[in-house]
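First comes the structure, then the notes that go with it.
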Amino acid sequence: MTKMNLGGSFTFPGTSMTVKRMGYGAMQLAGPQVWGPPKDVDAGIAVLREAVASGVDHIDTSDFYGPHVTNQIIKQALHPYPEDLVIVTKLGAKRAEDKSWPHALSRQDLTGGVHDNLRNLGLDVLDIVNLRVGGFSAPAEGSIAEPLTVLAELKQQGLIRQIGLSNVSPKQIAEAQTITEIVCVQNFYNVAQRSDDALVDDLAKQKIAYVPFFPLGGFTPLQSNELNAVAAKLGVTPMQVALAWLLQRSPNILLIPGTSSVAHLRENLAAATLELPAEMLEELNAIGTQVTH
């Protein structure tokens, strides 16, 4: 299989880790509500193998997906891993029996979480670990020094190569940078949800990766209609337009769309080759400036 041009490449700051800008997010490999195993493990394995064969070299996962399920499927599908594959995982939550996502930010939680990820992925060291704070899709102000200091110690011990942040505010990022180097930030952002616009630009200046999640999340019906109209004009899917817009938004944006279907994977990867014309970009940029009452 020929490797695709996946939106060019990006090197995490201060590292030799270079990835294609279109990656893959593993959350949907677990069962419904990201809980338990999927109906079809073989389908998940096929998606991962196709992603890597197509040139994807950045996989985003977490041991609290399932829990443990997605990491075990990644290991089953891809271990021993290709030399250039960067696996990014995240800590800071756990799963309760009611399928909720309570915080897990104590020293014991974070240290145990690193070891769970190492064991279930079959690794000796984790490439990048994101510290997830805040709510499910938005930051909550407050100091993140305590849990981040634990991750910095685990980095010094050689269990983690690099550290990122998820669901954080600019103030929390600034605080984090006084404690350890930050190579990526993962927040909720898309063509309709633009509150991080200034942050994306600031991180680009610092050559720090910005990794948006939920590319179709939080749209009003009107915004969805406008996105659908642009997609129809171009003869592509709304998701492809949403992903292409993000790639064109800033060179430090890395994408991690997830799917458990090979057909959807191919559509997502094809979005990396979709050039949005200037007039379409204007229409899309207008979506994010609409005030909803």
So V133 and L165, side chain to side chain contact (heavy atoms under 4.5 Å, CB included) or not? Walk me through it. CA-CA 8 Å; V133 291; L165 302 169; over 6 Å; no
May I ask whether L269 and I59 are part of the same hydrophobic cluster, defined by side-chain heavy atoms of I, L, V, M, F, W, Y residues being less than 4.5 angstrom apart, directly or through others? yes
D196 side-chain N/O to N187 backbone N/O, donor-acceptor pair under 3.5 Å: no
I'd like to know if the side chain of N71 pairs up with that of N117 as donor and acceptor (distance under 3.5 Å, no hydrogens or angles considered). yes
Same hydrophobic cluster for L131 and V129, using side-chain heavy-atom links shorter than 4.5 Å among ILVMFWY? yes
The ring-ring contact (aromatic ring centres under 6.0 Å, His included) partners of Y24 (sequence neighbours excluded) come to none
I'd like to know if K90 and D63 make a salt bridge, using a cut-off of under 4.0 Å between side-chain N and carboxylate O. no
Are I163 and L105 linked, directly or through other ILVMFWY residues, by side chains that come within less than 4.5 angstrom of each other? yes
Determine whether L78 and R49 make a side-chain contact, defined as any pair of heavy atoms from C-beta on separated by less than 4.5 Å. yes
Hydrophobic cluster membership, I256 vs V52, 4.5 Å side-chain cutoff: no
Do the side chain of Y81 and the main chain of G122 share a donor and acceptor less than 3.5 angstrom apart? no
So how far is it from I173 CD1 to D202 CG, rounded to the nearest 0.5 Å? 8.0 Å
Would you say the side-chain atoms of S250 pair up with the backbone N or O of I253, donor to acceptor, closer than 3.5 Å? no
Please determine if K233 and E279 form a salt bridge, counting it only when a charged side-chain N lies under 4.0 Å from a carboxylate O. no
For S62, all residues meeting side chain to side chain donor-acceptor pair (under 3.5 Å), sequence neighbours excluded: none
Measuring from L154:CG to T180:OG1, what's the distance to the nearest 0.5 Å? 11.0 Å
Return the minimal non-hydrogen interatomic distance between N190 and F188, and the atom names on each side. ND2-CE1, 3.6 Å
Mind checking whether V86 and M27 sit in one hydrophobic cluster, side chains of I, L, V, M, F, W, Y counted as touching below 4.5 Å? no
With distance as the sole test, does T15 use its side chain to make a donor-acceptor pair with the main-chain N or O of F12 at under 3.5 Å? yes
Please lay out, stage by stage, how D109 and K94 fare under the test side chain to side chain contact (heavy atoms under 4.5 Å, CB included). CA-CA 9 Å; D109 284 330; K94 56 189 170 189; 3.9 Å; yes
Tell me the closest heavy-atom pair linking H79 and L121, and the distance in Å. CD2-O, 3.6 Å
Please name the pair of heavy atoms, one in P38 and one in L29, separated by the smallest distance, quoted to 0.1 Å. CG-O, 3.1 Å
Cut-off 3.5 Å, side chains only: do D60 and Q186 have a donor facing an acceptor? yes
Enclosure of D124 CG (heavy-atom neighbours >12, cutoff 6.0 Å): no
Does any non-hydrogen side-chain atom of I208 lie less than 4.5 Å from one of Q177? yes
Given side chains that start at C-beta, do those of M22 and P257 come closer than 4.5 Å, heavy atoms only? yes
Does P215 reach the side chain of L255, with side-chain heavy atoms less than 4.5 Å apart? no
Could you tell me the separation between the CG atom of N130 and the CG atom of N167, rounded to the nearest 0.5 Å? 10.0 Å
Between Q223 and G218 the two heavy atoms that sit nearest each other are OE1-O, 4.0 Å
Heavy-atom check, side chain of Q76 versus side chain of I45, under 4.5 Å: yes
In the structure I gave you, are the side-chain heavy atoms of V125 and L159 within less than 4.5 Å of one another anywhere? no
Would the distance check show the side chain of K39 and the main-chain N or O of G31 forming a donor-acceptor pair, the cut-off being under 3.5 Å? no
I'd like a table of donor-acceptor pairs (distance under 3.5 Å, sequence neighbours excluded) in which one partner is a side-chain atom from residues 237-249, with atom names and distances.
from	atom 1	to	atom 2	distance (Å)
T237	OG1	Q240	N	3.1
T237	OG1	Q240	OE1	3.4
Q240	OE1	T237	N	2.9
Q240	NE2	E267	O	3.0
W245	NE1	N285	OD1	2.8
Q248	OE1	L276	N	2.7
Q248	NE2	L276	O	3.4
R249	NE	Y189	OH	2.9
R249	NE	D197	OD1	3.3
R249	NH1	D201	OD1	3.0
R249	NH2	D197	O	3.1
R249	NH2	D197	OD1	3.2
R249	NH2	D201	OD1	3.1

In this structure, are over 12 heavy atoms from other groups packed under 6.0 Å from E146 atom CD? no
Please check if atom NZ in K207 has more than 12 non-hydrogen atoms from other residues, nucleotides or ligands closer than 6.0 Å. no
Is R266 paired with E50 through a side-chain N to carboxylate O contact shorter than 4.0 Å? yes
Criterion side chain to side chain contact (heavy atoms under 4.5 Å, CB included) on E141 and Q172, from CA distance to verdict: CA-CA 8 Å; E141 279 302 352; Q172 288 167 329; 4.0 Å; yes
Distance from K75 atom NZ to T70 atom OG1, nearest 0.5 Å? 13.5 Å
Work out which heavy atom in S166 is nearest to a heavy atom in F213; give both atom names and the distance. OG-CE2, 4.2 Å
Would Q162 and M17 count as a side chain to side chain contact (heavy atoms under 4.5 Å, CB included) if you check the C-alpha gap in whole Å, the side-chain angles of each, and the deciding distance to 0.1 Å? CA-CA 10 Å; Q162 300 295 333; M17 285 190 273; 3.5 Å; yes
Just how far is it from atom CG of D40 to atom OG of S260, taken to the nearest 0.5 Å? 9.0 Å
When rounded to the nearest 0.5 angstrom, what distance separates OH in Y210 from CG in N252? 9.5 Å
Would you mind reporting whether L254 and H58 have side-chain heavy atoms less than 4.5 Å apart? yes
